[in-house]
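Heads up: the structure comes next, in structure tokens.
As the structure is a computational prediction, the values presented were derived from the model and not from experiment. The figures here come from the full heavy-atom set of this structure, side chains too, leaving out hydrogens, waters and symmetry mates. Quick note: residue numbers are just sequence positions, from 1.
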Amino acid sequence: MKKWQKTGLLIVWCIIIAGCFYFRKELTTEQILNHTPGNLLAAFFMMMGLFAVKSVSVVIYSGLLFAVSGMIFPMKFAIAVNFCGAAIMVTLPWLIGKKGGGTMVSSIMKKYPKTEKLKEICTGKGFILTFLLRVIGKIPSDVLSLYLGAIGIDYKVYFAGSMLGLLPHLFTFPIMGMNIQNIHSTEFRISVGIEAIYMACSAGLYWIYSKKRKRK
């Protein structure tokens with residue numbers, strides 16, 4: 001990557017982060033709904049834009065956008081919107097990391113000390129590893145994407161593992177969003193329960209995986 005490209009990328013990155021920080025108070029469910037166009041197609045593109053912004057910012061919580069989809073669109077369409085949004089969300093930072101390479105890795109580790117652990121476990125390019133790292137969530141999703149792109153992990157493996165790791169959220173969060181005014185509803189409780197079980201099972205799998213790696 002040429003010097004002017006790195007500089008340009010850094011400037012764009014800083015502008016996006018600064019914008020997210022400046023408008024952070026407006027990035028709430030209520031505010032997003034207030035600015036949603038009545039036309040569903042326009043709303044779809046607006047959501048894709050928000051997912052794109054989320055992909056390069058740790059300020060916005062992805063679950064918020066998944067839930068908003070459930071408030072705006074019919075359930076089946078909300079899931080499709082979330083799938084498209086998630087694809088954008090995991091792809092853009094991977095591409096930025098891929099372009100940044102080794103320089104990006106050093107920068108990420110310096111800013112996020114927790115990523116030092118990734119050095120020990122990201123020795124392979126396995127689908128399961130990518131899936132588990134995405135699910136556990138100890139490291140911000142965007143930072144993880146940047147790192148995996150920077151170390152050159154295969155995109156197909158990365159994308160498949162990432163999307164599978166996010167898959168339950170694409171269903172549960174919009175259901176929560178549709179029932180946000182009635183948190184005692186069966187649908188809301190089931191969605192929360194599925195999220196809890198999924199995270200618990202994933203944490204257990206990650207613990208087993210870590211133990212096996214230490215034995216090798």
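Under the 4.5 Å side-chain heavy-atom criterion for grouping Ile, Leu, Val, Met, Phe, Trp and Tyr, Ile197 is not connected to Phe66 through any hydrophobic cluster.
Within the 4.5 Å cutoff, the side chain of Glu187 has no heavy atoms near those of the Met178 side chain. The shortest distance between side-chain heavy atoms of Met48 and Phe51 falls below 4.5 Å. Counting heavy atoms from C-beta outward, Trp94 and Leu146 have side chains that stay 4.5 Å or more apart.
Evaluation of the side-chain contact (heavy atoms from CB on, under 4.5 Å) rule for Ala78 yields Ser69, Phe73, Pro174 as partners, not counting sequence neighbours. Considering only residues two or more places apart in sequence or on other chains, Phe45 meets the ring pair (Phe, Tyr, Trp, His ring centres under 6.0 Å) condition with none of them. For Ala52, the side-chain contact (heavy atoms from CB on, under 4.5 Å) partners at least two apart in sequence or on another chain are Ile88, Leu92. Remark: Phe83 engages no residue in a ring pair (Phe, Tyr, Trp, His ring centres under 6.0 Å) (not counting sequence neighbours). Listed by chain and residue number, Thr172, Ile190 satisfy the side-chain contact (heavy atoms from CB on, under 4.5 Å) test with Ile194 (two or more places apart in sequence, or in another chain).
The two residues Leu164 and Pro168 make their nearest non-hydrogen contact at O-CD, 3.7 Å. Between Ser145 and Tyr158 the shortest heavy-atom distance is OG-OH, 2.8 Å. In plain terms, the two heavy atoms of Ser162 and Arg134 that are nearest each other are OG-NH2, 3.1 Å. Taking both residues in full, the closest heavy atoms of Ile151 and Leu148 are given as CG1-O, 3.4 Å, listed atom of the first, atom of the second, then distance.
With rounding to the nearest 0.5 Å, the separation of CG in Asn82 from CZ in Phe77 is 11.0 Å. The CE atom of Met176 sits 11.0 Å away from atom CE of Met71, with the distance rounded to the nearest 0.5 Å. Atom OG1 of residue Thr91 and atom OH of residue Tyr155 lie 2.5 Å apart, to the nearest 0.5 angstrom. Atoms CD1 and CE, on Ile175 and Met75 in that order, are 4.0 Å from each other to the nearest 0.5 Å.
Each of Asp154, Val157, Val90 was compared with Thr130 under the side chain to side chain contact (heavy atoms under 4.5 Å, CB included) criterion, and only Val157 meets it.
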Apply side-chain contact (heavy atoms from CB on, under 4.5 Å) to Leu64 and Lys54, showing your working.
CA-CA 10 Å; Leu64 166 67; Lys54 158 59 193 165; over 6 Å; no
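Pairs passing the ring-ring contact (aromatic ring centres under 6.0 Å, His included) check and including a residue from residues 171-193, sequence neighbours excluded, read His169-Phe173.
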